[in-house]
Each structure stands twice: as C-alpha cells, then as structure tokens.
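These notes are about the structure you will find just below.
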Amino acid sequence: MATSLQASGYLFSSPNPSKLCLIRAGKLTKASLNNVDPTSQGRNLSLRNLSSRGLVEELDLGKSYRGLPSGIIHKHVVSVDNTINSSSDSLVIEKLYAILEEISDRIEMHNNIKEQRENWNSLLLTSINSITLTAAIMSGISSTTTAAVGGLNFSSTLLYLAATGLLIMMNKLQPSQLVEEQRNAVRLFKQLQNQIQRIINIGNFTDQDVIEAMEKVLALDKAFPLPLLGGVMLEKFPADVQPAVWWPQQLPRQPKESALEMGKNGWNEKLEKQMNEIVKIIKRKDKSEYLNLGRKALKMNKILAVSGPLLTGLAAISSAHGGSMAAMIGVVAGSLASVVNAFEHGGQIGMIFEMYRNNAGFFKLMEETIESNLMERDFERRENGELVEMKVALQLGRSLSELRNLTSSSSFKLNQGDDMDEFASKFTGFPSSIIEKHAISIDENSLVKEKLYEILEAVSDRVEMHKNIGEQRDNWNSLLLNSINTITLAAATMSATSLVDDSSLSSLKWGSTLLYLAATGMLIIMNKIQPSQLVEEQRNATRLFKQLENQIQRIIGIGNPKESDVMEAMEKVLALDKAYPLPLLGVMLEKFPSSVEPAVWWPKQQRRQVVKDGNGNGWNWKLEKEMKKVVDVLRKRDKAEYMRLGEKALKLNKFLAISGPLLTGMAAVGSALMGSGSEHGGSWAAMLGIVGGALASVVNTIEHGGQVGMVFEMYRGNAGFFKLMEESIESNLMEKDLERRENGELFEMKVALQLGRSLSELRNLASDHSSSSHQDDDISQEFASKLF
C-alpha cells in the first residue's frame with residue numbers, strides 16, 4: 001500500500017467488526033507510509049491507531065480538532081485490513097467512547113439545570129420585589145382611610161409573610177450561585193471532552209487514559225453536583241472560603257535526587273527556577289487575592305441574606321398591628337427589603353462569590369500542575385519543558401518574554417525582601433485546564449503540533465469563558481434594569497399616594513425617599529459599568545476566538561505546521577485578551593472615552609516596502625489596483641460611517657447615563673421635602689418626586705432596555721472590522737516578494753466574502769469608485785460592505 005491517510009479529515013464507520021469503512025470528510029491527502037514512524041513516542045500517526053482517530057469523528061461528540069469545518073460530506077469507501085487493530089486497543093477505545101458519551105450527556109444536563117436555575121433567579125427576584133413593594137404601598141395607604149383599613153392591613157401582612165418565606169428559600173439556595181456552578185461545570189466538561197478526543201486522535205492510548213478520564217469525570221461530579229439536597233448541594237455560606245477543587249487528588253512524588261541535565265526533554269535549570277518563581281507569585285498574590293475577594297463577597301452575601309427576610313418579617317408584624325407608626329415601619333422596612341433583594345439577587349452576589357472561589361481554584365490547580373512536574377524524578381516522564389512554559393504563559397495571559405521578565409523581576413524583589421506588586425496573571429480570568437498526565441518526551445516536529453493543540457485548547461476554553469461572562473453580564477443588565485425600574489415606579493406611586501391625606505405623609509414620604517436614593521446609587525453603578533456594552537464585548541470575543549479556533553484547526557488539518565504558526569497564534573490570543581478583558585476593575589475598557597476609536601483585536605502588523613507592479617502568485621496589476629480602491633472605499637465610507645454612528649451613540653449614552661441618576665436624585669429630594677413649608681411648596685415637591693421618578697424610569701429603559709452601550713460597542717467593533725480589512729489588504733500590497741503574499745485569487749475571494757459581495761460586484765465597486773473619483777474627486781456614495 002503506497003499511501004496513508006491524514007486522519008484529521010476522515011470518519012470511520014464499522015458495522016462489520018472485520019472491516020472498517022473509511023468515509024471522506026475533506027480532501028484526500030497523500031503521504032508516504034515511510035514517513036510514519038510506528039516506534040516514535042506515540043506522537044506520529046501509525047496505521048495501528050488510524051482507525052481509532054476516525055471513530056471520534058464518527059460519533060461527532062462535540063468539537064474535535066480535525067481541521068476545517070466540513071461542508072457537504074463526500075463518501076469514499078476504502079477497505080482497511082482488520083489485522084491493524086488489536087483486541088486490547090479496541091476495548092480501550094470502547095471504554096473511552098463510553099466515557100465521551102457520558103461527558104456529552106453531562107454537558108447537556110448541566111446546561112439544562114443552568115437554564116432552570118437562571119429562571120429561578122430572574123422570576124423569583126421580580127416576583128418577590130413586586131410583592132414586597134405592593135405590600136409597602138398597601139401599608140402606607142391603610143393609614144389614609146378607615147374604609148378598608150382591615151382589608152389593606154390583612155393583605156399587606158399576607159404579602160409580607162409570603163415574601164419572607166420566598167426570600168428565606170431563595171437566600172438559602174442562592175440561584176445565581178447555582179447558575180455559576182453549572183456554567184463552570186459545562187466549561188470544564190467540555191475541556192475534558194476535548195482532551196479525550198485529542199488522546200484518541202493522536203493515538204497510543206492505554207488503560208491508564210481510561211482510569212484518568214474516569215477519575216476526572218467523578219471529580220467534576222463531586223465539585224459541581226446537580227441535586228439540591230442538603231447533603232449533596234455545595235455549602236452556600238461556608239465558615240471559610242477555600243478554592244474550588246474539580247480535579248482528582250494527585251499522588252505525592254518524591255523529590256528528584258540528581259541535578260538537572262541541560263536540555264533534557266525541554267527542561268533546564270533556568271526553566272526549573274522560572275517555574276518555581278511562578279508558583280511563589282501565584283501563592284502570594286493571585287490565589288491570595290481571589291480568596292480575599294471571595295471572603296468579602298461571602299460576608300456581604302451573608303448580611304444581605306439575613307437582612308432581606310428580617311426586614312419583610314418586621315414589615316409583616318408592623319402591618320398586622322396598624323396605626324401610623326406601624327405604617328411607617330411597614331413602608332420603610334418593605335422598601336429597604338426590596339432594595340436589599342435587588343442588590344443580592346439582581347447584583348448576583350452569590351455568582352460573584354462562586355466566581356472568585358473558582359478563580360482561586362484555578363491558581364491552586366496551576367500550582368499543583370507545575371509542582372507535580374517539578375517533583376517528577378524522571379525527566380523523560382515530565383511534560384515537555386517548552387510545552388509547559390507555553391501553557392503557563394497562555395493560562396496567565398502573557399507572552400513567553402513577559403513570563404520570563406515576570407520571574408526575573410520577582411526573583412530580584414523577593415531576594416531583597418520586598419513584596420511583589422505585580423500579579424502573575426494578566427488574564428485575570430480562569431482558563432483552567434483539568435490536570436493531564438505527564439507527557440513523555442517528543443520529537444521536534446511533533447512538538448510544534450503539540451504546541452498548536454495546547455493553544456487550540458486554550459482558545460476553545462476562552463470561547464466558553466467569554467460566553468459564560470457574557471451570560472453573567474446579560475443577567476446583570478436585565479435583573480438590574482427590572483429591579484431599578486420597579487423600585488423607581490413604586491417610589492413615584494408612593495409620592496403620588498402620599499398627597500391623598502397628610503396623616504399618612506411621613507410613612508409614604510420616607511418610603512419613597514429611600515427607594516429613590518437606592519435607585520440613584522444602583523443607577524450610578526449600572527451606568528458606570530454599562531452591562532449591555534460588557535455583553536457585546538463578550539459576544540465579539542466569543543466570535544473572534546471561534547474564528548481563531550477554526551484557523552488553528554485548519555493549520556493542523558492541512559498538516560506541516562511551523563514554529564512561526566505557533567508564535568502567530570500566540571500573538572493573536574494575547575491581542576484578543578487585551579482587546580476584550582474579562583475583569584471589571586483596572587483593565588475594563590473605558591465606557592465613555594473622549595473620542596471614538598475602532599476596536600483593535602489583532603497583533604500589530606509589520607510595515608513592508610512597496611512592491612513594484614508585477615505578476616505572480618495570483619497577483620497582477622489589475623488586482624493590485626482593485627485592492628487599493630477597495631481600501632480607499634473602506635476608509636472613506638464604511639469605517640468613517642461607523643465612527644460617525646459610534647460618536648452619536650456615545651453622546652446619547654453619556655446624556656442618558658447622567659440624566660437617570662440626576663432625575664432619581666431630584667425625585668428623592670422632592671419626596672423628602674413633601675409636607676414641609678407652604679402648601680404650594682409641598683405640592684411642587686410632590687410633583688418633583690412623581691415626575692422625576694417617572695422620567696427616570698423612562699430614561700433607564702431607553703438606556704439599558706435599548707442597550708445604547710451595546711449599540712456603541714457594536715459600531716466601534718464594526719469600525720474595527722473595516723480597519724482590520726484595510727490593514728490586511730495593505731499588508732499584502734506592501735509585501736515586496738509576491739511569493740510571500742497570500743495567493744491573489746484566494747485573497748480576492750476572501751475580501752469579496754467579507755464584504756458580502758460576489759467577485760463581479762467587488763470588481764464593479766472598484767470600477768465605479770474609479771469613475772466617480774475621476775469625475776469629482778469624491779468617493780463613491782456606495783459602501784464597500786453589503787454585509788453590514
């Protein structure tokens with residue numbers, strides 16, 4: 001047999017155990033069997049494990065690293081001799097498939113449970129706040145009239161008691177924290193799924209892989225339980241905060257006895273020292289900081305969880321007794337309870353605590369993973385040193401040079417007795433990987449592919465992270481918007497009702513004032529962070545990381561990756577990390593910049609010398625001219641238009657962000673002044689309280705319901721897309737060596753697709769632009785993009 005098949009492009013189907021049928025899902029790639037070394041350390045593909053690679057793709061369990069996404073699948077059947085499989089390998093792969101099936105099912109289960117508990121949080125929050133505020137209004141009205149005082153008091157008391165019971169249950173379960181647990185479970189099960197698929201794709205799997213996969217599944221089950229039963233559900237208010245642990249316990253290893261051999265499996269004394277320094281920094285700074293933040297979030301959550309039911313219980317007792325003083329306590333306690341509830345569950349404090357706990361767990365996992373490698377006596381059994389360094393850099397959101405600079409500066413400071421100011425992580429997220437087995441030494445060519453696989457896994461994980469963070473912030477936008485509007489409108493209703501009878505003025509007046517002040521504070525926070533804009537950032541990040549994921553899959557699928565592919569992929573990951581940060585503090589993108597600039601999510605491109613007109617590699621003078629005109633239209637029409645729209649959206653958002661808190665603040669002052677001074681002045685104060693609250697709810701709805709921040713980010717992102725197109729075209733045009741350019745025909749097709757045009761429409765655009773510019777020295781009125 002003269003050829004072998006590149007396994008990343010094929011699926012296997014075997015209804016008959018004596019024969020395997022090969023199904024083509026991509027291009028047939030010819031390679032000499034002589035290039036396959038069956039004795040290599042499990043990294044070069046052999047015929048023995050060729051069939052096992054395809055079986056993963058037949059099941060299509062999630063996303064496997066097998067090259068470009070396939071379009072229409074063309075089937076070509078090729079007979080493969082059953083002697084290439086041993087019964088032991090077949091049993092091992094069957095076990096791995098069984099584990100993969102269970103993992104896929106767990107992903108779906110945790111996704112479903114996440115949606116259920118997300119609904120609990122939003123529905124219960126809205127319902128409890130509506131009940132509480134209605135009870136507060138009833139309590140206030142009951143002192144204004146004797147006609148239905150009994151009915152109002154009884155109804156108010158019932159509503160407060162119902163709210164108290166619901167709050168006790170809700171605060172015990174912490175739905176937003178439950179949702180975050182399920183998000184993390186889905187992400188980590190997907191990581192494990194990808195790792196098992198990768199083991200099968202590469203081949204050379206053993207019974208040990210099955211045992212480790214089983215242990216990892218069970219560890220995840222224990223870390224993120226599905227039931228809400230007392231003995232199984234995670235403790236929501238622990239006595240102390242500990243990092244989350246979702247990996248199997250590692251067996252302690254004996255320290256190495258001999259000195260390191262330079263260059264052994266990618267390890268040397270310098271790298272050994274560097275990894276030790278990173279562990280020290282992680283322990284002293286990153287993990288410690290997240291545990292500290294977790295303790296603060298837990299403390300706040302405990303106070304809020306106790307305060308809510310306590311206030312509604314007090315309000316229920318007061319409403320039952322009746323009288324002006326009881327009405328005052330009922331209204332004020334009910335108003336405060338709704339505010340506490342909005343902060344706790346609308347602000348998702350439980351989710352924040354779980355996020356900090358998991359971030360601390362990520363750094364604990366990094367510590368254990370690095371230390372496990374360092375404590376391994378046999379260097380051949382360690383994971384390759386270059387690979388470990390690159391993985392650590394990716395997980396910390398740093399380039400290799402930044403990682404080395406970090407350890408060199410930290411070593412100097414620690415030797416001088418100073419504390420480190422810099423954290424190990426620039427990423428400040430939680431791109432954690434479940435601990436993998438120690439890799440055996442691998443050859444140089446396979447090492448490049450292994451590095452690309454590691455980057456691919458990191459990119460896949462970032463896709464999940466940005467998706468999860470986007471959901472968190474989307475919830476903030478909807479929950480806080482509903483809560484603030486409910487509070488604001490209830491305050492306006494109290495202001496209006498208080499005018500009915502002066503005897504009830506004080507209770508409704510102070511209830512209204514408290515609600516307005518709370519709404520003002522919440523609006524200032526919400527307008528500062530702009531949740532809808534944060535959500536759009538995460539949507540963009542998810543899409544762009546998926547693009548990068550597909551590009552790396554294509555490089556691996558085509559074969560023959562180079563070290564330059566690794567470095568380019570690393571640069572793109574770090575550029576995206578910088579463009580779309582996860583944390584809200586310090587590195588959060590400016591929400592109200594002084595001027596609008598296009599979003600930039602790609603590495604800086606090198607300037608090149610201008611090329612002379614010539615032919616070669618699909619390029620000619622006509623295509624050169626066409627691309628130059630496309631750049632001109634992009635710059636003067638598409639990018640300029642989105643920059644103009646972005647500036648308008650930014651101005652509108654600034655105006656709304658100031659107006660909302662200003663109106664609620666004015667309404668709070670008006671409510672507080674009701675009944676003081678002259679009758680005329682009291683009426684004006686009441687008018688200010690009513691109208692200010694009503695207008696504030698409208699402004700808030702336009703700003704956050706209309707997602708003006710998201711619109712601004714969308715325009716900024718679109719301008720960035722056209723800026724990237726400009727730079728990509730100009731980078732090719734400025735390349736002196738035509739052979740080093742991307743193929744001209746391929747490049748023209750990509751540009752046409754990105755602009756939503758056919759090739760003929762693209763050429764007509766350049767031709768029309770040329771005619772219009774000759775006539776009046778002005779750009780064509782037509783936009784380059786038909787897509788958006």
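Residue numbers run from 1 in the order of the sequence given. All values below come from the heavy atoms of this structure, side chains included, with hydrogens, waters and symmetry mates left out.
Side chains of Tyr715 and Met710 form no contact here, defined as non-hydrogen atoms less than 4.5 Å apart. Contact check for Leu755 versus Met725: side-chain heavy atoms found under the 4.5 Å cut-off. Contact check for Asn617 versus Arg740: no side-chain heavy atoms found under the 4.5 Å cut-off. Under the 4.5 Å side-chain criterion, counting only non-hydrogen atoms from C-beta, Val566 is not in contact with Pro561. With contacts defined as side-chain heavy-atom distances shorter than 4.5 Å, the pair Leu271/Glu386 does not qualify. Two residues are said to be in side-chain contact when any heavy atoms from C-beta on lie closer than 4.5 Å; Met627 and Leu762 meet this criterion. Residues Gln195 and Leu192 have side chains in contact (heavy-atom distance under 4.5 Å, counting atoms from C-beta outward). In this structure the side chain of Phe545 reaches within 4.5 angstrom of the side chain of Asp577, judged on heavy atoms.
Between Glu782 and Arg757, at least one side-chain N (NZ, or NE/NH1/NH2) sits under 4.0 Å from a carboxylate O, which counts as a salt bridge. Ion pairing of Glu450 with Arg198 is present here, as a side-chain N (NZ or NE/NH1/NH2) and a carboxylate O approach within less than 4.0 Å. Glu748 and Arg763 are joined by a salt bridge, as a carboxylate oxygen and a charged side-chain nitrogen come within less than 4.0 angstrom of each other. Salt bridge annotation for Arg716-Glu536: absent, with no cationic side-chain nitrogen under 4.0 angstrom from a carboxylate oxygen. With respect to the salt-bridge test (charged N to carboxylate O, under 4.0 angstrom), the residues Lys636 and Asp632 qualify. Of the charged side-chain nitrogens involved, at least one lies within less than 4.0 Å of a carboxylate oxygen, so that Arg644 and Glu641 count as a salt-bridged pair. Checked for salt-bridge contact, Glu383 and Lys391 meet the test: a charged N lies under 4.0 Å from a carboxylate O. The residues Arg183 and Glu464 are annotated as not salt-bridged, no charged nitrogen and carboxylate oxygen being separated by less than 4.0 angstrom. For Lys467 and Glu471, the salt-bridge test fails: no basic side-chain N is under 4.0 Å from an acidic carboxylate O. Salt-bridge annotation for Asp565 and Lys451: absent, with no side-chain N of the basic residue lying under 4.0 Å from a carboxylate O of the acidic one.
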- Message: Pair Leu100, Ile200 - check side-chain contact (heavy atoms from CB on, under 4.5 Å), show working.
- Response: CA-CA 11 Å; Leu100 275 176; Ile200 299 175; 4.1 Å; yes

- Message: Between Met390 and Ile455, does the side-chain contact (heavy atoms from CB on, under 4.5 Å) criterion hold? Intermediate values first, please.
- Response: CA-CA 9 Å; Met390 191 197 71; Ile455 295 173; 3.9 Å; yes

- Message: Go through it in stages, so that I can follow the logic: the residues are Lys578 and Leu576, the test is side-chain contact (heavy atoms from CB on, under 4.5 Å), and I'd like the CA-CA distance, side-chain angles, deciding distance and then a yes or no.
- Response: CA-CA 5 Å; Lys578 183 179 179 181; Leu576 276 168; over 6 Å; no

- Query: Step by step, would you call Phe783 with Val633 a side-chain contact (heavy atoms from CB on, under 4.5 Å)?
  - Reply: CA-CA 7 Å; Phe783 290 95; Val633 179; 6.0 Å; no

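The two atoms that bring Gln395 and Phe362 nearest to each other are O-CZ, 3.6 Å, heavy atoms only. When all heavy atoms of Val186 and Ile107 are compared, the pair lying nearest together is CG2-O, 3.9 Å. Closest approach of Ala719 to Met643, counting heavy atoms only: CB-SD, 3.9 Å. When every heavy atom of Gln274 is checked against every heavy atom of Thr407, the shortest pair comes out as O-CG2, 3.4 Å. The two atoms that bring Ala784 and Leu634 nearest to each other are CB-CD2, 3.7 Å, heavy atoms only. Residues Val535 and Asp474 come closest through the heavy atom pair CG2-N, 3.2 Å.
Test Val463, Val459, Leu456 against Leu548 for side-chain contact (heavy atoms from CB on, under 4.5 Å) and you get one pass: Val459. Residue Glu730 forms a salt bridge (charged side-chain N to carboxylate O under 4.0 Å, His left out) with just one option from Lys723, Arg741, Lys628, Arg635, and that option is Arg635.
In the model, Ser460 has a side-chain atom that pairs as donor or acceptor with a side-chain atom of Glu549 under 3.5 Å. In this structure, a donor-acceptor pair under 3.5 Å is present between the side chains of Trp602 and Glu727. Judged by distance alone, the side chains of Glu457 and Asn194 never bring a donor and an acceptor atom under 3.5 Å apart.
Remark: Lys591 engages Glu537 in a salt bridge (charged side-chain N to carboxylate O under 4.0 Å, His left out) (not counting sequence neighbours).
A distance of 10.0 Å separates CG in Asn201 from CD1 in Ile556, rounded to the nearest 0.5 Å. Remark: Arg187 CZ to Arg462 CZ distance equals 10.5 Å, nearest 0.5 Å. Atom CG of residue Asn620 and atom CD of residue Glu626 lie 9.0 Å apart, to the nearest 0.5 angstrom. Note that OG of Ser399 and CE of Met570 are 6.5 Å apart. Values are rounded to the nearest 0.5 Å. Here CD of Glu590 is found 13.0 Å from CD of Glu597. Values are rounded to the nearest 0.5 Å. Of the inter-residue distances, the one linking Arg473 atom CZ with Leu582 atom CG reads 6.5 Å to the nearest 0.5 angstrom.
The environment of CD in Glu761 is crowded: more than 12 heavy-atom neighbours from other residues, nucleotides or ligands sit within 6.0 Å. By the neighbour-count criterion of 12 heavy atoms within 6.0 Å, atom CG of Asn743 is densely surrounded, having more than that number from other residues, nucleotides or ligands.
Screening residues 730-755 for ring-ring contact (aromatic ring centres under 6.0 Å, His included), with sequence neighbours left out, gives Trp619-Phe747.
Here Tyr580 and His466 keep their ring centres 6.0 angstrom or further from each other.
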